[in-house]
Peer 1: 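Please find one structure pasted underneath; my questions will follow.
Just so it is clear, the structure is predicted and the values come from calculations on it, not from any experiment. Computation of the quantities below employed the complete heavy-atom set of this structure, encompassing side-chain atoms and omitting hydrogens, waters and symmetry-equivalent molecules. Quick note on labels: first sequence line is chain A, next is B, and so on, each numbered from 1.
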Amino acid sequence: MAPTTSGAFTAHLRGDGTIELVTSSPVRVRFAPSPTGYLHIGGARTALFNWLFARQCGGEFMLRIEDTDSERSRPELIDVIFRSLEWLGLDWDGTPVHQSERGHLHQAAVDKLLGTGAAYWCDCTPDAVKARAEARGGTPGYDGFCAERNLENGDGRVVRFRVPSAGSTAFEDLIRGRVSFENENLEDFVILRSNGTPMFHLANAVDDADQGITHVVRGEDLINVTPKVILIREALAIEGDLTFAHLPLIVNEKRQKLSKRRDDVSVGDYIDRGYLAEAMVNYLATLGWGPPDDIEIRPLAEIVSLFRLEDVNKSGAFFDVKKLQHFNGEYIRNLSTTQFVNSSTRWLYEDAPWPAERFDIATFEVLAPLVQERVKLLSEVPGYVDFVFNADPIIDDDSWQKVMVKGAELAAAVLDHALAGFADCEWTAAGLEAALFSYAEQNEISKGKVQAPVRVSVTGRSVGPPLFESLEVLGRDETLRRLNAAKERL
RNA sequence: GCCCCCAUCGUCCAGCGGCCUAGGACGCCUGCCUUUCACGCAGGUAACACGGGUUCGAAUCCCGUUGGGGGUACCA
């Protein structure tokens, strides 16, 4: 059960570039989103797996906002990301760190690398780099043009890391085993932009060390940047081990990495559609991992204790909304009625398909249990009760066509029977049932066929909550009025 | 092109050399239950990419092929 740890000491980089070793909790992970978009499914899964790993072994789950690219970062999104994590229930430890506020640490690291010759200034423009690459034969990448020019700081210049020309850089990945890169395939990459801000690799290496991170759990799309981070750590003489675990990507139906613009994957959108956080988290946990006993739907606490980072899959997982919906339906049905009513609030009051003044919570509460066992998404709730809160039912054309037009003869007879029977029957579900189904018995017609015209007349649709309970809530006068209206429309 | 990773039902997981005539879940199909729908219940459909090894024995180990994905930025 014990997670792989790096021991009780963690390298800590001081502002002046020197290193100190500090004791720390055995495991400390971080989720490090870049505020260039909303939190999406992939990020949520990465956060979840980090969180599960930390919570399971009593470690710490930190947050770090990677906003070193001022051009792309959108500060207003940071709060959206926090709120999405809160919605998911992934609580974090300590105060979130913003990389943009730690420029001095990054600068100190760059200075140190410059001082030891592990990095150098470069005045090549991207265009020049590309032009030389094409002249060489199309192999992309920087050619080390400025490596021995001993340039000083200057306008428009960047700092590049001097990658060893020989040897290889490898690391042990908890999920993938040993991953190795030949250094000759790594170009001298930029660590400090010409505008003075640090690049991702540099800030990442420095901050992981400074925050005492022990395990880096992230998407596989970042696996190729790992050797660069390791090279930087080595050049900075950062001690202590960093264990990596690269998670398989979550993919779309074309088996490509989920993309914010191409795929519909914002966590916020799923909140809006009526998914429960518990269902989302539970489903996400089954993407790339499965419990040993094959029981997929279960409390988070159990997942926390069963989860093993080492058991995570290596291959990409398709985000199957159908299966998510099934999970959601299960979670909705497991709610208490009160919880269900509370969870439905925004669909009852905000974008409800009825005039606000006609809505009555007490009436809804009567129907709620019947609705609860039928919906897979909370956004479906209004569709089951709108007939009560609208002055007239919204007639569904297909339903009307099928039941009231094609079955016009039966519909007319049933309506007459209902009108007569409902006029003085006991106004309870049982009383209504007896009054209507006496027609089915007398004429030897299935109850299903008999209830259909009444349902369509009163609710507008051929599907919905149980009919007699619905009528009971609607009331005698309104029911008779709608039955008459439908009869005239026949 | 080059680098890295991956490969079991349509999909998500189980399987870690014999318990596999490959198990569970979603989906789909059948039936039952039933006032519609949904739930529930009982069934069914459907996979070890291919080729070589290793081994008494391979879905499981090794190599290759093919296929897929990720990366290849002064994004992260």
Side-chain angles (χ1 to χ4, degrees), chain A residues 32-36 66-69 71-73 122 124-126 129-130 137-142 156-160 173 175-176 179-182 184-187 189-201 203-204 218-227 246 248-249 251 253-257 283 286-297 311 313-327 329-330 333 370-376 384 399 403 432-433 436-437 440 446-452 454-456 459 461-468:
Chain A
S34 176
T36 54
E66 307 228 319
D67 53 356
T68 57
D69 185 358
E71 305 273 308
R72 293 163 200 259
S73 287
C122 166
C124 299
T125 63
V129 171
K130 192 178 293 180
T139 315
Y142 182 67
R157 293 180 180 177
V158 300
V159 174
R160 286 182 182 275
D173 189 291
I175 295 171
R176 276 152 226 285
V179 181
S180 178
F181 293 79
E182 295 299 321
E184 61 178 352
N185 291 321
L186 265 28
E187 63 177 324
F189 53 91
V190 174
I191 56 176
L192 190 74
R193 297 187 184 88
S194 57
N195 69 3
T197 58
M199 287 286 287
F200 164 71
H201 328 93
N204 211 264
R218 57 179 12 167
E220 195 198 351
D221 51 344
L222 291 170
I223 198 166
N224 50 256
V225 28
T226 302
H246 288 93
L249 262 19
V251 302
E253 59 289 336
K254 285 151 77 178
R255 304 216 64 85
Q256 294 166 324
K257 167 183 161 186
Y283 175 66
T286 68
L287 256 28
W289 177 81
D293 58 7
D294 273 349
I295 299 172
E296 295 184 316
I297 296 180
D311 289 342
N313 273 172
K314 298 183 179 75
S315 49
F318 171 60
F319 183 68
D320 187 353
V321 179
K322 283 244 186 77
K323 187 158 179 175
L324 205 212
Q325 277 192 18
H326 175 261
F327 275 45
E330 292 276 313
R333 287 191 293 279
L370 303 175
V371 176
Q372 183 177 357
E373 54 186 324
R374 287 172 168 73
V375 297
K376 283 199 167 80
Y384 278 86
S399 299
V403 178
L432 288 158
E433 180 176 343
L436 182 64
F437 286 158
S446 75
K447 293 172 176 177
K449 283 208 162 49
V450 172
Q451 59 93 40
V454 177
R455 179 184 293 282
V456 173
T459 71
R461 300 189 188 85
S462 54
V463 301
L467 182 61
F468 305 111

Peer 1: May I have the distance from A:E330 (atom CD) to B:rC39 (atom C1'), rounded to whole angstrom?
Peer 2: 9 Å
Peer 1: Is any side-chain nitrogen or oxygen of A:R193 closer than 4.0 Å to OP1 or OP2 of B:rA76?
Peer 2: yes
Peer 1: Please check if the number of heavy atoms outside A:E71 that lie under 6.0 Å from its CD is greater than 12.
Peer 2: no
Peer 1: Whole angstroms only, please: what is the CG-P distance between A:N313 and B:rU11?
Peer 2: 14 Å
Peer 1: Could you tell me the Watson-Crick or G-U partner of B:rC26, where both distances fall under 3.5 Å? Say none if there is no partner.
Peer 2: B:rG10
Peer 1: To the nearest Å, how far apart are A:K322 NZ and B:rG10 P?
Peer 2: 15 Å
Peer 1: Taking atom CH2 of A:W289 and atom CD of A:E296, what is their separation to the nearest 0.5 Å?
Peer 2: 10.0 Å
Peer 1: Using the P atom as the reference point in each nucleotide, state the distance between B:rA14 and B:rC6 in Å, no decimals.
Peer 2: 15 Å
Peer 1: NA contact type, A:V190, heavy-atom cut-off 4.0 Å: base, sugar-phosphate, or nothing?
Peer 2: sugar-phosphate
Peer 1: Rounding to an integer number of angstrom, what distance separates B:rC39 and B:rC28 when you compare their P atoms?
Peer 2: 10 Å
Peer 1: Looking only at side chains, do A:R193 and A:T197 share a donor and an acceptor under 3.5 Å apart?
Peer 2: yes
Peer 1: Mind checking the C1' distance from B:rC9 to B:rA25? Whole angstroms is fine.
Peer 2: 12 Å
Peer 1: If B:rA58 has a Watson-Crick or G-U wobble mate with both distances under 3.5 Å, name it; if not, just say none.
Peer 2: none
Peer 1: Mind checking the P distance from B:rG51 to B:rC12? Whole angstroms is fine.
Peer 2: 24 Å
Peer 1: So for A:T139 and B:rC2, does any side-chain atom that can act as donor or acceptor lie under 3.5 Å from a complementary atom in the base?
Peer 2: no
Peer 1: In whole angstrom, give the distance that lies between atom CD of A:E187 and atom P of B:rC4.
Peer 2: 16 Å
Peer 1: Which part of the nucleic acid, if any, lies within reach of A:R255 when heavy atoms closer than 4.0 Å are counted: base, sugar-phosphate only, or nothing?
Peer 2: sugar-phosphate
Peer 1: Hey, does A:L249 reach any base, or is it just sugar-phosphate, or nothing, if we go heavy atoms under 4.0 Å?
Peer 2: sugar-phosphate
Peer 1: May I ask you to say what A:L222 touches in the nucleic acid, namely base, sugar-phosphate or nothing, with a heavy-atom cut-off under 4.0 Å?
Peer 2: base
Peer 1: Quick one: on RNA chain B, does A:Y384 or A:L287 contact a more 5' nucleotide (nearest heavy atom)?
Peer 2: A:L287
Peer 1: Separation of A:R455 atom CZ from B:rU34 atom P, in whole Å?
Peer 2: 17 Å
Peer 1: Side-chain donor or acceptor of A:R333 under 3.5 Å from a matching atom on the base of B:rC39?
Peer 2: no
Peer 1: Please state how far atom CG in A:D67 lies from atom P in B:rA76, giving the value in whole angstrom units.
Peer 2: 10 Å
Peer 1: Using a heavy-atom cut-off of under 4.0 Å over every strand shown, decide if A:S180 touches base, sugar-phosphate, or nothing.
Peer 2: sugar-phosphate
Peer 1: Less than 6.0 Å separating the ring centroids of A:F189 and A:F200?
Peer 2: no
Peer 1: In whole angstrom, what separates A:D320's CG from B:rA25's P?
Peer 2: 15 Å
Peer 1: Using a 4.0 Å heavy-atom cut-off across all strands, classify A:K447 as base, sugar-phosphate, or nothing.
Peer 2: sugar-phosphate
Peer 1: What's A:R157 touching, base or sugar-phosphate or nothing? Going by heavy atoms closer than 4.0 Å.
Peer 2: nothing
Peer 1: Which one is paired to B:rG1, where only Watson-Crick or G-U wobble pairs with both distances under 3.5 angstrom count?
Peer 2: B:rU72
Peer 1: Sticking with atom C1', work out how far B:rA7 lies from B:rA47, rounded to a whole angstrom.
Peer 2: 12 Å
Peer 1: Ignoring hydrogens and angles, are the base of B:rA25 and the side chain of A:K323 linked by a donor-acceptor pair under 3.5 Å?
Peer 2: yes
Peer 1: Suppose you measure atom P in B:rG57 against the same atom in B:rG23; what distance do you get, rounded to whole Å?
Peer 2: 25 Å
Peer 1: Which part of the nucleic acid does A:R176 contact within heavy-atom distance under 4.0 Å: base, sugar-phosphate only, or nothing?
Peer 2: sugar-phosphate
Peer 1: Provide, to the nearest angstrom, the distance between the NZ atom belonging to A:K130 and the P atom belonging to B:rG1.
Peer 2: 19 Å
Peer 1: How would you label the contact of A:Q256 with the nucleic acid (heavy atoms, under 4.0 Å): base, sugar-phosphate, or nothing?
Peer 2: sugar-phosphate
Peer 1: Look at all strands and tell whether A:P33 reaches a base, only sugar-phosphate, or nothing, counting heavy atoms closer than 4.0 Å.
Peer 2: nothing
Peer 1: Please determine whether a side-chain nitrogen of the Lys or Arg among A:K257 and A:E220 lies less than 4.0 Å from a carboxylate oxygen of the Asp or Glu.
Peer 2: no
Peer 1: Using a heavy-atom cut-off of under 4.0 Å over every strand shown, decide if A:D293 touches base, sugar-phosphate, or nothing.
Peer 2: nothing
Peer 1: For A:K376, is there an ion pair with A:E330 - N to carboxylate O distance below 4.0 angstrom?
Peer 2: no
Peer 1: Can a side-chain donor-acceptor contact be found between A:N313 and A:S315 if the only test is distance below 3.5 angstrom?
Peer 2: no
Peer 1: Base, sugar-phosphate or nothing for A:G464? Non-hydrogen atoms, less than 4.0 Å.
Peer 2: base
Peer 1: May I ask you to say what A:A452 touches in the nucleic acid, namely base, sugar-phosphate or nothing, with a heavy-atom cut-off under 4.0 Å?
Peer 2: nothing
Peer 1: A:T68 near the nucleic acid: base, sugar-phosphate alone, or nothing, with a heavy-atom cut-off under 4.0 Å?
Peer 2: sugar-phosphate
